A.B. asks: 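Sharing a structure, written as C-alpha cells. Questions coming.
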Amino acid sequence: MSITASAAPIGKSRWFRLIPIAMIVYIISFMDRTNIAYAFAGIGHDFHITKADEGTAGGIFFVGYVLLQIPGGWLAEHWSAKKFVAVMIVFWGLMALACGFAENFTQLVIARFFLGVAEGGIWPATLVLLSHWFPVQERARAYGFWIANLAISSIITQPLSGFIVAGSDWRTLFFVEGALPFIIALPLWLLFIKDRPEDASWCLQPERDYINRSIAQDRINEPAPGPFSTIFKSATVWRLVAVYFLVQVGFYGLNMWMPTLLKNLTHDGFGAVGLIAALPYIAAAIMLWTNGWLADRNRRYSWHVCLSLTISAISLILSVMIGETMIILSIVFLCLAVGGAMAYDGPFWAAASRTLPVALVGGAMGLINALGNLGGYLGPFLGGYLQDVTGNFYATAILFAVSLFAAGVLMLTVVVRDVIPAMRMPLGRPAE
C-alpha cells in the first residue's frame, strides 16, 4: 500500500512514548538554566555585584552552550541520541548542584558556563531523534509539542523557584532543582527512549512501516549530501542563525528579567511573583500548539514565525507602557509577549530541518542553535546594563521588542525547500 493512499498515520505510539519523556527531560534542563532569575537578588546581595553582573551570571550559560551544539547533532545522527543525552544529563546535574556551592561570583560564573556546556548538545540531539520518528508532514507539530516543554517548565519553575527562595535562599534553589536530573530525567530517558523505530518493541509493525515509508518518501527529492563544510556555505543556514540569535536576545532577556519586572510592577514577594509569572507560559503553551498545527496545515513556516514574533514585540511594548496604571491588562499583554516569543519555535525548527540534506541536518541545526543561543548571553546582560543606566525597564523592553520584530522580518527572507509530493498538496500550500 502506498503511503499516500493513507490519509492518516497508522498508530500513534510515538506521540505518547517519545514526546512526553523528551518533554520531561528538557523541562528539567530548562528549569536549571533559568531558575537563576529568582536567585539574582540573593546573589547580588551576597556577592555585591551590579545588575549587569547578575545578567552575566545568567547569560554566561549560553557561551558554554555553544561548544557541543554541532558535535551533539552530529553524534546524535551518527552514534546515538539516547546515549549522548544520557551522558549530558549526568554532567548537567553535577554543574547545576555546583552553582549552589559557589562561594564567590567567579565560581558561580564558571559553574554556569559548564552547565551550558553540559546542556549544549541536548537540543540538537533531540531534534535529530524526533526527525527519525516523525515525517515532514508531522514535524512542526512534533517539534511544537516538544518545544512546549519550555512553557511547561516555566509554569512549574516560576512558582516553585519563587516559593523556594521565599522560604529559604538561592543556594537551596540550586540544590533542590539540581537534584532532579538524577532523580527523574536520567531514569526516564534510559528506560523509555529509543533511537529509531526498529529499536522500539512498543512500536508495532504497521506504525513502523508508516514511519519508514514516509521518511523515505520525504527524502526522494533530497539533494545528494555534500561535505560537512556545506552547512557553513549555506546562506539560508546563516539567515536562520541570525533569526535565532535575535529571538534569543529578546526571549531570554525577557525570561531572565521577568521576575524582577513583575516584582517592581506588583510590589509582591517572590512567592506571589512566581505564581503570576506562570501565567505567560500557560498562554505560551496554547500558542505553541496552535501555531505548530496551523503551520503544518499550510506549510507557510516563515509567515508563522514572523506573525508570532510581531505579536510578541508589540505586546511587550504595550505591557511596559501601561504597567503603572493598568496592572492586570499589563500582565495580559505580557502573556502575549512571552507566548509570541515562544510560539515561533515549532515552525522555525520544521523549516530548519528542510534546509539541507538529511545527513547534514543535525550539524546545521546544531550550528543554528549554537551561534543563535549566544543571544541568550547578550539579552540578559544588556537588559541588566540598561536597568543600571536608566533605573527602569523601558529601554530594556524596547531592546527586546526590536530584536524580536527584526527576527520575524528576517525570517520572511528564508525559503524552505518544498519536498511535499504533489498528491499531498490539497492539505496545504508549499512551504515558504
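This one's a predicted model, so the numbers in the text were calculated from it and none came from an experiment.
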A.B. asks: Mark yes or no for whether T396, through its side chain, and G383, through its backbone, hold a donor-acceptor pair below 3.5 Å.
C.D. replies: yes
A.B. asks: Classify the ring geometry between F62 and Y65 as parallel (under 30°), tilted (30 to 60°) or perpendicular (over 60°).
C.D. replies: perpendicular
A.B. asks: Go through the steps to decide whether R171 and E177 satisfy the test salt bridge (charged side-chain N to carboxylate O under 4.0 Å, His left out), and finish with yes or no.
C.D. replies: CA-CA 10 Å; R171 293 184 187 277; E177 296 183 357; over 6 Å; no
A.B. asks: Please lay out, stage by stage, how V85 and W189 fare under the test side-chain contact (heavy atoms from CB on, under 4.5 Å).
C.D. replies: CA-CA 8 Å; V85 172; W189 186 266; 3.5 Å; yes
A.B. asks: With the side chain counted from C-beta on, respond yes when F232 and W238 share a heavy-atom pair under 4.5 Å apart, and no when they do not.
C.D. replies: yes
A.B. asks: Minimum heavy-atom separation for I89 to P181, with atom names?
C.D. replies: CG2-O, 3.7 Å
A.B. asks: Is the closest side-chain donor-acceptor distance between D53 and T56 under 3.5 Å?
C.D. replies: no
A.B. asks: For L191, look at atom CG and say whether over 12 heavy atoms of other residues, nucleotides or ligands are found less than 6.0 Å away.
C.D. replies: yes
A.B. asks: State whether the side chain of D195 and the backbone N or O of S80 hold a donor-acceptor pair below 3.5 Å, judged by distance alone.
C.D. replies: no
A.B. asks: Heavy atoms, side chains only, cut-off 4.5 Å: are M258 and L334 in contact?
C.D. replies: yes
A.B. asks: Within the structure provided, determine whether I322 and I327 are in side-chain contact (heavy-atom separation under 4.5 Å).
C.D. replies: no
A.B. asks: Work out which heavy atom in A57 is nearest to a heavy atom in L108; give both atom names and the distance.
C.D. replies: CB-CD2, 4.2 Å
A.B. asks: Fit a plane to each ring of F251 and F30, take the angle between them on a 0 to 90° scale, and name the class: parallel (under 30°), tilted (30 to 60°) or perpendicular (over 60°).
C.D. replies: parallel
A.B. asks: Apply side-chain contact (heavy atoms from CB on, under 4.5 Å) to residues Q248 and L378 and explain how you reach the verdict.
C.D. replies: CA-CA 9 Å; Q248 302 318 303; L378 195 62; over 6 Å; no
A.B. asks: Tell me yes or no: between the side chains of S161 and N35, is some donor less than 3.5 Å from an acceptor?
C.D. replies: no
A.B. asks: Report the distance from atom CG of L307 to atom CZ of R300, rounding to the nearest 0.5 Å.
C.D. replies: 11.5 Å
A.B. asks: Please report the C-alpha distance between E119 and M95 in whole Å, then the side-chain angles of each, then the deciding distance to 0.1 Å, and finally whether the side-chain contact (heavy atoms from CB on, under 4.5 Å) criterion is met.
C.D. replies: CA-CA 10 Å; E119 292 190 17; M95 292 303 101; over 6 Å; no
A.B. asks: With no hydrogens and no angle check, is any side-chain donor or acceptor of N291 less than 3.5 Å from a backbone partner on A343?
C.D. replies: yes
A.B. asks: Under 6.0 Å between the ring centres of F348 and Y244?
C.D. replies: yes
A.B. asks: Could you label the plane-to-plane angle of the F47 and W170 rings as parallel, tilted or perpendicular, counting under 30° as parallel and over 60° as perpendicular?
C.D. replies: perpendicular
A.B. asks: Backbone N or O of A337 within a donor-acceptor pair of the S312 side chain at under 3.5 Å?
C.D. replies: yes
A.B. asks: Answer yes or no: is there a donor N or O on one side and an acceptor on the other, between the side chain of N104 and the main chain of Q107, under 3.5 Å?
C.D. replies: yes
A.B. asks: Measure the shortest side-chain to side-chain distance between V247 and D345 over non-hydrogen atoms and say whether it is less than 4.5 angstrom.
C.D. replies: no
A.B. asks: Out of curiosity, L160 CG to L275 CG, how far, rounded to the nearest 0.5 Å?
C.D. replies: 11.0 Å
A.B. asks: Strictly distance-based, threshold 3.5 Å: is any side-chain N or O of S29 a donor or acceptor partner for the main-chain N or O of V25?
C.D. replies: no
A.B. asks: Would you compute the distance between atom CG of L254 and atom CE of M342 and round it to the nearest 0.5 angstrom?
C.D. replies: 10.5 Å
A.B. asks: Within the structure provided, determine whether C203 and W133 are in side-chain contact (heavy-atom separation under 4.5 Å).
C.D. replies: yes
A.B. asks: Just how far is it from atom CD1 of I183 to atom CG of L186, taken to the nearest 0.5 Å?
C.D. replies: 11.5 Å
A.B. asks: Report yes if the side chains of W303 and M411 come closer than 4.5 Å at any heavy-atom pair, otherwise no.
C.D. replies: no
A.B. asks: Under 3.5 Å, side chain of T126 to main-chain N/O of I122, donor-acceptor pair present?
C.D. replies: yes
A.B. asks: Write down the atom of V249, the atom of S403, and the distance for their closest heavy-atom approach.
C.D. replies: CB-OG, 3.4 Å
A.B. asks: If I compare all heavy atoms of I368 with all of V241, which pair ends up nearest, and what's the gap?
C.D. replies: CA-CG2, 3.7 Å
A.B. asks: Does L67 reach the side chain of F113, with side-chain heavy atoms less than 4.5 Å apart?
C.D. replies: yes
A.B. asks: Specify the closest pair of heavy atoms between I60 and V109, including all atoms of both residues, with the distance to one decimal.
C.D. replies: CG2-O, 3.7 Å
A.B. asks: If you measure from CZ on F333 to OG on S315, what distance do you get to the nearest 0.5 Å?
C.D. replies: 6.5 Å
A.B. asks: Determine, using ring centers only, whether F175 and F101 are less than 6.0 Å apart.
C.D. replies: yes
A.B. asks: Hey, does F393 have a side-chain heavy atom less than 4.5 Å from the side chain of F400?
C.D. replies: yes
A.B. asks: Between W92 (side chain) and V117 (backbone), is there a donor-acceptor pair under 3.5 Å?
C.D. replies: no
A.B. asks: Can you tell me if S319 uses its side chain to pair, donor with acceptor, with the backbone of S330 under 3.5 Å?
C.D. replies: yes
A.B. asks: Any idea which heavy atoms bring L404 and A313 closest together, and the distance?
C.D. replies: CB-CB, 4.4 Å
A.B. asks: Around K82, counting heavy atoms of other residues, nucleotides and ligands shown, do more than 12 lie under 6.0 Å from its NZ?
C.D. replies: yes
A.B. asks: To the nearest 0.5 Å, what is the distance between CD1 on I110 and SG on C99?
C.D. replies: 11.0 Å
A.B. asks: Quick check: are there more than 12 heavy atoms from other residues, nucleotides or ligands sitting under 6.0 Å from CZ of F114?
C.D. replies: no
A.B. asks: Could you check whether the rings of W15 and F134 sit parallel, tilted or perpendicular, using 30° and 60° as the cut-offs?
C.D. replies: perpendicular
A.B. asks: I want to know whether Y26 and W123 have ring centres closer than 6.0 Å.
C.D. replies: yes
A.B. asks: Could you walk me through whether E207 and R14 pass the salt bridge (charged side-chain N to carboxylate O under 4.0 Å, His left out) test, one step at a time?
C.D. replies: CA-CA 9 Å; E207 182 176 8; R14 61 198 180 283; 2.5 Å; yes
A.B. asks: side-chain contact (heavy atoms from CB on, under 4.5 Å) between F84 and L129: does it pass, once the steps are laid out?
C.D. replies: CA-CA 11 Å; F84 175 76; L129 174 75; over 6 Å; no
A.B. asks: Under the ring-ring contact (aromatic ring centres under 6.0 Å, His included) criterion, do F40 and W257 qualify, and how do the steps go?
C.D. replies: CA-CA 9 Å; F40 278 157; W257 288 110; 5.0 Å; yes
A.B. asks: Counting distance only, does the side-chain N/O of R112 pair as donor-acceptor with the main-chain N or O of R33 below 3.5 Å?
C.D. replies: yes
